[in-house]
Amino acid sequence: MSEKNTCLTVKDLLQGEYKIPLYQRNFAWAYDEIEQLIVDVADACKEKKNAYYIGTLVVDSGNNIIDGQQRTTALTLIALALKKYDKNKIHLTFAARKQSNKTLAKLLEYASNSNEELKEVKTSHDFESDELTIGFDNAIKALKKVLDDDKKLDREIFADYLFNNVKIFQTQLSSDLDLNLYFERFNSRGEQLQAHEIIKAQMMDVLRDNAEETQKFAKIWEACSQMDKAVILSFNHKSRPNDDNLEREKIFSKNYNDYQLKNIYNSMESKEIGRQELVDYLNSDKPKAEGSQEKDLTTYRPLVNFETFLYYVFYLTEGIESNEITLDDKKLLVTFEQKLNALNDDTKHDWVIKFSENLLRLRFIFDNFIIQNSFEDNNRDETNWTLKKAVGKDKNGGWKYVQTEFQNTFDNNQGTIIQLQSMFAVTFTSNRDTKWLYETMSFLFKNSSQLGNDIFSVEFKYFLEKLAVKFAEERIFIDHEIKSYQEFVPVYAFNFIDYILWTKRDEEQFKKVFSDAKNFKFRYRQSIEHWYPQNPNEEDTNLKKLDDNYLHSIGNLCLITQSQNSKFSNSRPQAKAKWKDDFSTQSLKLQWMKYITDKEQQWSKKQIDKMSKEVNQYVNDFIDSVSKS
C-alpha cells in the first residue's frame with residue numbers, strides 16, 4: 001500500500017483544492033479547540049521557532065480529506081477571521097453540503113468587504129446559523145483573547161508566522177487503496193505516548209529497586225488518572241463491619257473523613273487480596289447478600305483533565321503561588337524532567353514518593369470538595385452540578401455489609417458553594433485558565449485537617465467569595481465602573497453579576513423579577529448581546545441607533561448562548577422580551593432586563609442608565625461587604 005508524503009505550510013494548505021466527503025461528520029470544534037490551536041501557534045511565534053508542526057492531513061488521490069478535516073476547517077475559519085484568506089475563492093468544499101459551501105462563500109464575502117475589525121456574525125437573511133458561523137465567531141473571539149489580551153502579539157506578525165512557519169504533514173494514499181483496510185491499519189497503530197504516561201514511566205524508574213513501592217506507585221497513578229470516577233473506588237474495602245480494615249479504611253479512615261491521608265504506602269496492599277478464587281466461591285455455602293456489592297455510580301465530567309491536575313499537584317508539592325504557575329499541557333513533560341534532573345539520587349526517591357502521596361491526597365480532596373458535571377443515562381446536562389463526598393456506611397441486607405455512598409458534602413452552604421464554583425467553571429472553560437481552581441485546591445490542601453469539621457463550609461464559602469471578588473477587581477473595572485462593550489467587558493462580569501443577583505433573590509424588589517431564581521444554575525454562556533440592538537432591523541423604523549455610551553454600557557448588555565444570539569439578532573427589545581423560549585433558564589440579569597422591558601413597555605436611555613447605575617452599585621456593595629468579612 002503506497003503513500004506519498006509532503007510537508008505543507010499553512011499557506012500551501014489553504015491554497016490547495018480540498019474536498020470533504022459525505023461520510024465525514026460536520027465541523028465539531030468548539031471554542032476551546034480553536035483557542036488552543038491559536039495559543040499553540042502564538043507561543044511558537046513568540047519563541048521564534050523556525051517551524052511548528054501541527055499534525056497530519058490524510059487525503060486520497062482526489063484530495064478528498066480522509067483524516068484532518070477538523071483542523072483544516074478551523075485553519076480556514078481562522079484565516080477568514082484574520083482577513084488573510086484568498087479573496088477570490090474558497091478552496092475548501094463540502095461534497096454534499098450545499099449550505100456549508102454557501103456559508104463559507106458568505107463568510108469570505110463578509111471578511112473581504114469588512115474595513116473594520118471583524119465583529120461576531122449576526123445571522124440575517126444572508127447568514128443561517130450553523131457550525132461554521134459559530135466556528136467563525138469563535139475564531140474572532142479567540143484571536144482577540146489570545147493575541148490582543150493575553151499574548152500581546154501583533155496580528156500581522158502572528159499571521160505571517162501562521163502561514164509560513166506552521167507546517168502540516170500531508171499523506172496522500174494511492175488510488176487503489178481499500179479505505180476500510182486503511183482505517184483498520186490506522187486504528188491498530190500504536191499511539192504516541194502522552195506526556196503523563198512518560199512522566200509515570202520516569203518516576204517508576206526512580207523506584208525500580210523496590211518492587212513493592214513501584215507497584216503501589218503505579219496503583220496510585222492509575223487510580224488518580226481516571227478522572228471520571230471517584231478515586232476511593234479503586235481501593236479495596238472490607239465486606240462486613242467486623243472484618244479487618246483493608247486499604248480503603250486504612251488510607252481514608254473508617255468513615256472516609258480523614259483528608260490528610262497519613263502513611264499511605266504503609267496502608268496499601270502490594271497485591272490484590274480479598275477476592276475469592278472461582279472454585280472457592282462455587283464451593284461456598286455463604287449466601288450473597290442483596291445489595292452487598294457497591295452500586296454503579298453515575299459517571300461525571302471533571303472540570304480539568306489529568307495533565308492539568310498533575311500541574312496542580314506539582315506546584316502544590318513545590319509550594320508555588322498561583323501567579324507563578326503555567327498550565328500549558330505542552331510544557332508539562334519539561335516541567336517534570338527539569339525537576340527530576342535537578343534532584344540527586346538521595347532526594348529523588350523521597351520526592352517521587354512525596355509527589356505520589358500528594359497526588360492521592362489532592363485527588364481525594366478534589367473528588368469531595370470540587371463540583372462535577374454528572375451524566376444521567378449517558379446524557380450530559382451542563383447544569384447538573386453536583387458536590388458529593390464519599391461516606392462509608394454499614395448496611396443490612398440479611399447480613400451486615402459495608403458500602404460506600406456519596407452524599408452532599410455540606411449540610412450548610414452547599415448550594416452557595418456549588419453556585420460559586422460553577423460560576424468559575426462556566427467562565428474559565430479551558431484547562432489553562434483554571435487558576436481559580438488551583439487557588440481553591442491550594443486553600444483546601446492547606447486546610448486539609450479542617451475539612452471534616454461541620455463549620456468548614458462557612459470558611460470555604462468566604463474563601464470562594466473573596467476569590468470571586470479578587471477576580472472581579474482584576475478583570476471587570478475601569479475607574480471603578482464596570483467595563484463597556486468597547487472596553488472588552490469579559491464574560492466573567494456577567495456571571496459575577498448573576499451570582500450577586502442570586503444572593504439577592506429573596507429581597508422584595510426581586511421577588512417578581514426572576515422566574516425561578518431558587519433553581520437558577522450557571523450555564524456555558526459565552527455570547528455578549530446588546531438588548532437594545534447595535535444595528536436595528538430596517539423594518540423597525542422608529543428604532544434609532546443609540547449613542548455608544550448607552551448602547552455599549554453594562555446596563556444594555558447581557559449574556560446568552562451562541563444559539564440564542566442568532567435568534568435574538570437585531571430585533572427590538574420588546575420583541576426579544578416576547579421570545580417564545582422560556583426565560584427561566586436564562587441569565588438573571590437578562591431576566592431583570594426582560595422584566596423592566598415588559599413592565600415599562602420600552603427599553604431606552606432611561607432604562608439603560610438606571611440599570612447601569614444599579615448594577616454598579618450592587619457589585620460595589622457586594623465587594624465592600626466581602627472585603628470587610
Side-chain angles (χ1 to χ4, degrees), residues 230 232 255-260 298 300 302-304 361-374 381-391 405-428 434-473 492 495-507 510-511 514 516-523 587-588 618-619 621-629:
I232 196 172
N255 296 316
Y256 314 148
N257 59 359
D258 180 2
Y259 299 95
Q260 294 181 290
T298 301
Y300 52 78
L303 295 186
V304 292
R361 291 182 183 111
L362 285 160
R363 237 333 279 278
F364 189 49
I365 291 172
F366 181 84
D367 290 344
N368 289 275
F369 293 90
I370 301 298
I371 60 168
Q372 313 290 353
N373 197 275
S374 292
D381 177 0
E382 67 173 24
T383 66
N384 192 22
W385 303 109
T386 62
L387 184 60
K388 303 285 187 180
K389 66 178 178 181
V391 179
E405 292 185 348
F406 290 83
Q407 303 174 352
N408 285 347
T409 300
F410 300 110
D411 294 329
N412 301 306
N413 296 308
Q414 171 89 354
T416 302
I417 290 170
I418 288 176
Q419 293 287 48
L420 284 161
Q421 289 194 34
S422 59
M423 174 188 68
F424 288 125
V426 301
T427 304
F428 307 106
T434 56
K435 287 189 177 182
W436 75 269
L437 186 50
Y438 177 72
E439 293 196 37
T440 302
M441 291 298 297
S442 178
F443 171 78
L444 293 169
F445 191 48
K446 291 174 182 176
N447 290 278
S448 57
S449 63
Q450 306 299 319
L451 300 186
N453 296 343
D454 293 337
I455 63 170
F456 179 74
S457 68
V458 177
E459 296 300 319
F460 195 23
K461 170 182 172 290
Y462 284 156
F463 165 80
L464 290 170
E465 285 192 334
K466 288 178 180 178
L467 187 62
V469 165
K470 172 189 169 186
F471 274 54
E473 290 175 332
Y492 180 71
N495 287 326
F496 185 60
I497 291 167
D498 271 356
Y499 173 73
I500 294 171
L501 293 176
W502 181 79
T503 66
K504 302 173 76 66
R505 64 193 181 279
D506 293 328
E507 294 183 8
F510 286 113
K511 285 185 177 179
F514 306 130
D516 189 17
K518 179 180 66 174
N519 295 314
F520 169 76
K521 296 179 180 180
F522 284 100
R523 296 173 180 266
S587 157
L588 294 180
Y618 289 150
V619 168
D621 287 349
F622 180 82
I623 288 174
D624 288 343
S625 66
V626 170
S627 300
K628 294 175 182 176
S629 63

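Throughout, numbering of the chain's residues begins at 1 and tracks the sequence. Just the heavy atoms: all of them, side chains too, but no hydrogens, waters or symmetry mates, feed the values below.
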Exercise. Would you name the heavy atoms of Ile623 and Glu473 that are closest together and state the gap between them?
Key: CG2-OE2, 3.5 Å
Quiz prompt | Verdict with supporting geometry, Glu465 and Leu420, side-chain contact (heavy atoms from CB on, under 4.5 Å) | solution = CA-CA 7 Å; Glu465 285 192 334; Leu420 284 161; 3.7 Å; yes
Self-check item: Side-chain heavy atoms of Ile497 within contact of Tyr618, under 4.5 Å
Solution: no
Self-check item: Nearest heavy atoms of Arg505 and Ala517, plus distance in Å
Solution: CB-CB, 3.6 Å
Practice problem: Give, for atom CG of Asn519 and atom OG1 of Thr383, the distance between the pair rounded to the nearest 0.5 Å. | Solution: 10.0 Å
Self-check item: Side chains of Phe456 and Leu444 in contact at under 4.5 Å (non-hydrogen atoms)
Solution: yes
Quiz item: Taking all atoms of both residues into account, what is the closest heavy-atom pair of Pro302 and Gln372, and its distance?
Solution: CA-OE1, 3.2 Å
Exercise. Find out whether Thr386 and Phe406 are in side-chain contact, i.e. whether some heavy atom of one side chain is under 4.5 Å from a heavy atom of the other.
Key: no
Exercise. Any chance you could lay out the ring-ring contact (aromatic ring centres under 6.0 Å, His included) test for Tyr492 and Phe428, step after step, and finish with the verdict?
Key: CA-CA 8 Å; Tyr492 180 71; Phe428 307 106; 5.7 Å; yes
Exercise. Scan side-chain atoms only and decide if Lys388 and Asn368 contain a donor-acceptor pair under the 3.5 Å cut-off.
Key: no
Quiz item: Just wondering, do Leu437 and Val304 contact through their side chains at under 4.5 Å, heavy atoms?
Solution: yes
Self-check item: Short side-chain to backbone donor-acceptor contact, Ser442 and Tyr438, under 3.5 Å
Solution: no
Quiz item: How far apart are the C-alpha atoms of Phe460 and Leu451, what are their side-chain angles, what is the distance that settles it, and do they pass the side-chain contact (heavy atoms from CB on, under 4.5 Å) test?
Solution: CA-CA 9 Å; Phe460 195 23; Leu451 300 186; over 6 Å; no
Self-check item: N-O pairing of Lys435 and Glu439 below 4.0 Å
Solution: no
Quiz prompt | Considering all heavy atoms, the nearest Tyr256-Ala390 contact | solution = CB-O, 3.7 Å
Quiz item: Could you give the distance from CG (Asn413) to OH (Tyr462), rounded to the nearest 0.5 Å?
Solution: 8.5 Å
Exercise. Keeping the roles fixed (side chain from Trp502, backbone from Leu588), state whether a donor-acceptor pair exists under 3.5 Å.
Key: no
Quiz item: Taking the six-membered ring for Trp, are the ring centroids of Phe410 and Phe369 within less than 6.0 Å of each other?
Solution: yes
Quiz prompt | Spatial distance of atom CD1 (Ile365) from atom CZ (Arg363) [nearest 0.5 Å] | solution = 12.0 Å
Quiz prompt | CE-CG distance between Met441 and Leu362, expressed to the nearest 0.5 angstrom | solution = 4.5 Å
Quiz item: Heavy-atom distance under 4.5 Å between the side chains of Lys504 and Phe622, does that happen here?
Solution: no
Quiz item: What is the minimum heavy-atom distance between Phe522 and Ser422, and which atoms define it?
Solution: CD1-OG, 3.5 Å
Quiz item: Pick from Ile370, Leu464, Asn412, Ile371: which one makes a side chain to side chain contact (heavy atoms under 4.5 Å, CB included) with Ile417?
Solution: Leu464
Practice problem: State the CZ-CZ distance between Phe471 and Phe424, to the nearest 0.5 angstrom. | Solution: 6.0 Å
Quiz prompt | Distance-minimising heavy-atom pair for Phe520 and Ser587 | solution = CE1-CA, 4.2 Å
Quiz item: Hey, what do you get for NZ (Lys389) to CG (Asn255), rounding to the nearest 0.5 Å?
Solution: 9.5 Å
Quiz prompt | Side-chain touch Leu303/Trp436, heavy atoms, less than 4.5 angstrom | solution = yes
